[in-house]
Amino acid sequence: MHVEVGYADYDDDGWSDGEEVNKYHTSPTSADTDGDGMSDPEDELTLYNAGAMVAIIGLILN
Ligand SMILES: [Ca+2]
Ligand SMILES: [Ca+2]
């Protein structure tokens, strides 16, 4: 599959095709790459928040 690196957003999930391929490693043709019902940007936010929470808990425990 050929993907134009630019600002086109084929799947209309809010991330450009280029960002999805090169930055987030998600599918530029699917707004929900892993099929869990949350769009890729929402998934990324969830992962980010989970990571932040783990870091905070680590600080508390230490
Ligand atoms: Ca997209
Ligand atoms: Ca998803």
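Note: hydrogens, waters and symmetry copies are ignored here, and every other heavy atom, side chains too, is used. Order of listing sets the numbers, starting from 1, for every ligand and every atom in it. Starting from 1, each residue takes its place in the sequence as its number.
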**Request:** Using a cut-off of strictly less than 3.0 Å, determine whether Ser39 has an N/O/S atom near the Ca ion (ligand 2).
**Result:**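 Checking Ser39: none of its N, O or S atoms is under 3.0 Å.
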
**Prompt:** Within the stated cut-off of 3.0 Å, is an N/O/S atom of Asp43 closer than that to the Ca ion (ligand 2)?
**Reply:** yes

**Prompt:** Just wondering, is there an N, O or S atom on Asp11 that's nearer than 3.0 Å to the Ca ion (ligand 1)?
**Reply:** yes

**Asked** From Pro28, does some N, O or S atom reach closer than 3.0 Å to the Ca ion (ligand 1)?
**Response**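 Checking Pro28: none of its N, O or S atoms is under 3.0 Å.
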
[X] atom (N/O/S) at minimal separation from the Ca ion (ligand 1):
| X | value |
| --- | --- |
| Asp9 | OD1 |
| Asp13 | OD1 |
| Glu20 | OE2 |

**Three-point angle Asp36:OD1, the Ca ion (ligand 2), Asp34:OD1, rounded to the nearest 10°** =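 Asp36 OD1 and Asp34 OD1 form an angle of 90° at the Ca ion (ligand 2).
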
Of the non-hydrogen atoms in [X] and [Y], which two are nearest, and what is the gap between them?
| X | Y | result |
| --- | --- | --- |
| Thr29 | Tyr10 | CA-CD2, 3.5 Å |
| His25 | Val21 | ND1-O, 3.3 Å |
| Asp13 | Pro41 | O-CG, 3.0 Å |

**Request:** Looking at Asp32, pick out the N, O or S atom nearest to the Ca ion (ligand 2) and give its name.
**Result:**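 Per the distance ranking, Asp32 contributes OD1 as its closest N/O/S atom to the Ca ion (ligand 2).
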
**Prompt:** Atom OG1 in Thr26, atom CG in Asp17: separation rounded to 0.5 Å?
**Reply:**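 Here the rounded value is 9.5 Å.
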
**Asked** Is the number of heavy atoms from other residues, nucleotides or ligands within 6.0 Å of OH (Tyr24) greater than 12?
**Response** yes

**Request:** Please lay out, stage by stage, how Asp9 and Asp11 fare under the test side chain to side chain contact (heavy atoms under 4.5 Å, CB included).
**Result:** CA-CA 6 Å; Asp9 184 8; Asp11 56 12; 3.0 Å; yes

**Request:** For Asp40 and Thr33, test the side chains for any donor-to-acceptor distance below 3.5 angstrom and give the result as yes or no.
**Result:** yes

